[in-house]
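Written below as structure tokens is the structure these notes are about.
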Amino acid sequence: MIHPAQIQWFKYPRALIWPSIFIVIAIFWWCNVYFLLSSNDTFNAYLNETIYENYEERIERLSYIGPLYFTIVPIIFMYTPTTILFICPIIGVELGVIANMTSICLALYPALDPLVVMYFIRDYRAFLMKKLSLTRSVSSVTRNTSITKHEEDII
């Protein structure tokens, strides 16, 4: 080691400072996404023309990904297992076989993340339901009825 006197920062109880830094950053990130990327009139007015020029779509019909897509899947399947895998040896907790769960969670994340996006974005969800034939189809039967009136009945 280059600075052996600095090792005290990585021993318990000072080692708890490191995860707390990441937790504070995660809270700030969540607040930014939730409060600043949500739908509001100013943001809509600013983006409406650009969205229409590029995609020929009105912004009122679009879903905002910020408030709808909570960062649940990445937190559960990526950040939490990885953080536990790195933090536990620092504070002296031996994980053993449980450490293999990190690899499983990291492998599941790329498969589950698009499913969440397809569920929350209305257009993706509607297309998927249509392709899988999960939408209700209402069939209507019309009958042709002809009415004949005689000239005497008209008077």
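Values in this document were obtained by computation on a predicted structure and should not be read as measured data.
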- Smallest separation among heavy atoms of Ala15 and Ile91, with atom names: CB-CG2, 4.3 Å
- Under 6.0 Å from the CG atom of Asn54, do we count more than 12 heavy atoms belonging to anything else shown? yes
- Query: Would Ile87 end up clustered with Leu106 when hydrophobic side chains under 4.5 Å apart are linked, directly or stepwise?
  - Reply: no
- Look at the side-chain heavy atoms of Ile, Leu, Val, Met, Phe, Trp and Tyr, link any pair under 4.5 Å apart, and say whether Ile98 and Leu85 land in one connected group. no
- Query: Is it the case that more than 12 heavy atoms not belonging to Gln8 sit under 6.0 Å from its CD atom?
  - Reply: yes
- Following the transitive rule for hydrophobic clusters with a side-chain heavy-atom cut-off under 4.5 Å over Ile, Leu, Val, Met, Phe, Trp and Tyr, establish whether Val116 and Tyr119 coincide in one cluster. yes
- Which is it for Arg125 and Met118 under the side-chain contact (heavy atoms from CB on, under 4.5 Å) test, yes or no, and what are the steps along the way? CA-CA 5 Å; Arg125 183 176 58 237; Met118 284 187 259; over 6 Å; no
- Spacing of CG belonging to Leu108 relative to CG belonging to Asp113, to within rounding of 0.5 Å: 12.0 Å
- Run the side-chain contact (heavy atoms from CB on, under 4.5 Å) check on Thr83 and Phe22 step by step: do they pass? CA-CA 9 Å; Thr83 303; Phe22 295 115; 5.7 Å; no
- Message: The criterion is side-chain contact (heavy atoms from CB on, under 4.5 Å); which residues satisfy it with Tyr52, sequence neighbours excluded?
- Response: Arg58
- Group every Ile, Leu, Val, Met, Phe, Trp and Tyr by side-chain heavy-atom contacts under 4.5 Å, then state whether Phe77 and Leu95 land in the same group. no
- Message: Under 4.5 Å between side-chain heavy atoms, counting indirect links through other Ile/Leu/Val/Met/Phe/Trp/Tyr residues: same cluster for Met78 and Ile104 or not?
- Response: yes
- Message: What's the separation between atom CD1 in Ile84 and atom SG in Cys105, rounded to the nearest 0.5 Å?
- Response: 9.0 Å
- Message: Rounded at 0.5 Å granularity, tell me how far CD1 in Ile59 sits from CG in Asn48.
- Response: 6.0 Å
- Item | Distance (rounded to the nearest 0.5 Å) between Ile21 CD1 and Leu16 CG | 11.5 Å
- Item | From CZ (Phe86) to OG1 (Thr102), nearest 0.5 Å | 9.0 Å
- Item | Approximate separation, where rounding is to 0.5 Å, of Tyr55 OH and Thr50 OG1 | 10.0 Å
- Step-by-step side-chain contact (heavy atoms from CB on, under 4.5 Å) determination, Phe28 to Val24: CA-CA 6 Å; Phe28 279 128; Val24 168; 3.5 Å; yes
